[in-house]
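Reading through the structure tokens given below for one structure.
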Amino acid sequence: MLKNRIVKAQGYAEKQDVDAVLFFNLSNVRYLAGFTGSDGALVVGREACWFLTDSRYTTQASREVTGCPTIEYRIKLDGIAELLAGKGFRRVGFEAEHTTVALLTALTAKAPGVEFVPIGEDITSLRMVKDTGELDLLAETARIASEALVSSLGGLRAGVVERDFALDLEFAMRRAGADDKSFDFIVASGERGSLPHGRASEKVIAAGELVTIDFGAVFNGYHSDETVTVCVGEPDGRQREVYGIVKEAHDRAVAAVRPGVSFRDLDAIARGFIEEQGYGAFFGHGLGHGVGLDVHEKPVVSPRGEGVAEEGMVFTIEPGIYIPQWGGVRIEDTVAVTGNGHRLLTRVPKELIILS
């Protein structure tokens, strides 16, 4: 499996007319070489590859990295420059999206005989189509997170502090087998629901409030992402109305997911419906994003999204309405594109959940 990924990266070197491609981004390094540590680099030449790390990780790399010899360095950029010079590489591609100006400047100073060539879209799309093993891991991660949320909802009631519920949910995920949480959970109740990224705060949840919960787990390196909006107590007419609009926009977009549909069209399906209902001004973000070794990765599902859905892609569908001084609703599922449609990876039912 990893060999096929290295071959794919070698194709980038040939396509970009460079001698090798240098990877610093650890998600890409893990994807290509299997390394799960926190420091290292990967050089993929047209015919061979090399993994570089320091003495903390050489033993770990000997177990995890296959197909590429491991080279130990004392100083990272010195080790990389020495390898490039030793192999006679003169044009080396790098991940434009993940390389800072400071890093590129330092690397150029260490390897003055090398021309470093930025590689953009090819590299950023490296992990967009998932293989069977990745899809299985993503499904398992989503299962852990979804079931943890369902098991925790009994503790969500009036008088509970947002941050306390978020902590309970994280513990539930850990007990269910998660290695970590994907991000700081959003628990936004009442007027705070108008904040799309309203991280859990010290606010006390009150009766009659909508509560938006955006959560995710990490399992074996892969992430999940899901959002539910629930009501603590009986919802009023406007709460039901707004929830119903977001739910319909979500359902229409999910139903349209299949190979060949453009990301812009998916966004337009949900956005157009919300606009028709008079709430277009309150939906400001894109409809979704890819999920994998990072919780936010390609593709981008938005009015500016490029490309079309392909079998094996995994991304979110997450329309929302956010009304200042009132609150908000977001509903999010993660979908995997299949040969003739899609399947949901996230599992919490998206009918409005009313908590007593």
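All values derive from a computational prediction rather than experimental measurement.
A salt bridge is absent between Asp267 and Arg304; no separation between the charged side-chain nitrogens and carboxylate oxygens falls under 4.0 Å. With respect to Asp17 and Arg46, a salt bridge is recorded, a charged nitrogen being found less than 4.0 Å from a carboxylate O. Classification of Arg127 and Glu95 as a salt-bridged pair fails, no side-chain N sitting under 4.0 Å from a carboxylate O. Ion pair Arg240/Glu234 flagged as a salt bridge, since at least one NZ, NE, NH1 or NH2 atom sits closer than 4.0 Å to an Asp/Glu carboxylate oxygen. Look at Lys87 and Asp19 and you find no salt bridge, because none of the NZ, NE, NH1 or NH2 atoms lies under 4.0 Å from a carboxylate O.
The ring-ring contact (aromatic ring centres under 6.0 Å, His included) search around His285 returns Phe283, Tyr322, not counting sequence neighbours. Phe23 pairs by the ring-ring contact (aromatic ring centres under 6.0 Å, His included) definition with nothing, not counting sequence neighbours. Remark: Asp225 engages no residue in a salt bridge (charged side-chain N to carboxylate O under 4.0 Å, His left out) (not counting sequence neighbours).
Under the 6.0 Å distance and 45° angle rule, Lys247 does not count as a cation-pi partner of Tyr243.
Counting only distance, with no hydrogens or angles, the side chain of Gln239 and the backbone of Asp236 share a donor-acceptor pair below 3.5 Å. When atom types are taken as modelled, the side chain of Thr346 and the backbone of Thr334 share a donor-acceptor pair closer than 3.5 angstrom. Looking only at distances, a side-chain donor or acceptor of His289 sits under 3.5 Å from a matching main-chain atom of Val295. Side chain of Arg192 to main chain of Arg199: a donor-acceptor pair is present (N/O by atom type, distance under 3.5 Å, no hydrogens or angles).
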Would you be so kind as to tabulate the donor-acceptor pairs closer than 3.5 Å made by side chains of residues 139-150, with sequence neighbours excluded?
residue	atom	partner	partner atom	Å
Glu140	OE1	Arg143	NE	3.0
Glu140	OE2	Arg143	NE	3.4
Glu140	OE2	Arg143	NH2	2.7
Thr141	OG1	Leu137	O	2.7
Arg143	NH1	Glu147	OE1	2.8
Ser146	OG	Ala142	O	3.0
Ser146	OG	Glu226	OE1	2.6
Ser146	OG	Arg347	N	2.9

Residues 65-80 side chain polar contacts: donor-acceptor under 3.5 Å, at least two apart:
residue	atom	partner	partner atom	Å
Lys76	NZ	Asp39	OD1	2.9
Lys76	NZ	Gly40	O	3.4
Asp78	OD1	Lys110	NZ	2.8

Side chains of residues 29-36: which donor-acceptor pairs under 3.5 Å do they make with residues two or more places apart or in other chains?
residue	atom	partner	partner atom	Å
Arg30	NH2	Asn220	O	3.0
Thr36	OG1	Gln60	NE2	3.0
Thr36	OG1	Glu64	OE1	3.2
Thr36	OG1	Glu64	OE2	2.6

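Counting heavy atoms of neighbouring residues, nucleotides and ligands inside a 6.0 Å radius, atom NZ of Lys15 does not exceed 12 of them.
Taking CD from Glu162 and NZ from Lys203, the interatomic distance works out to 5.5 Å, rounded to the nearest 0.5 Å.
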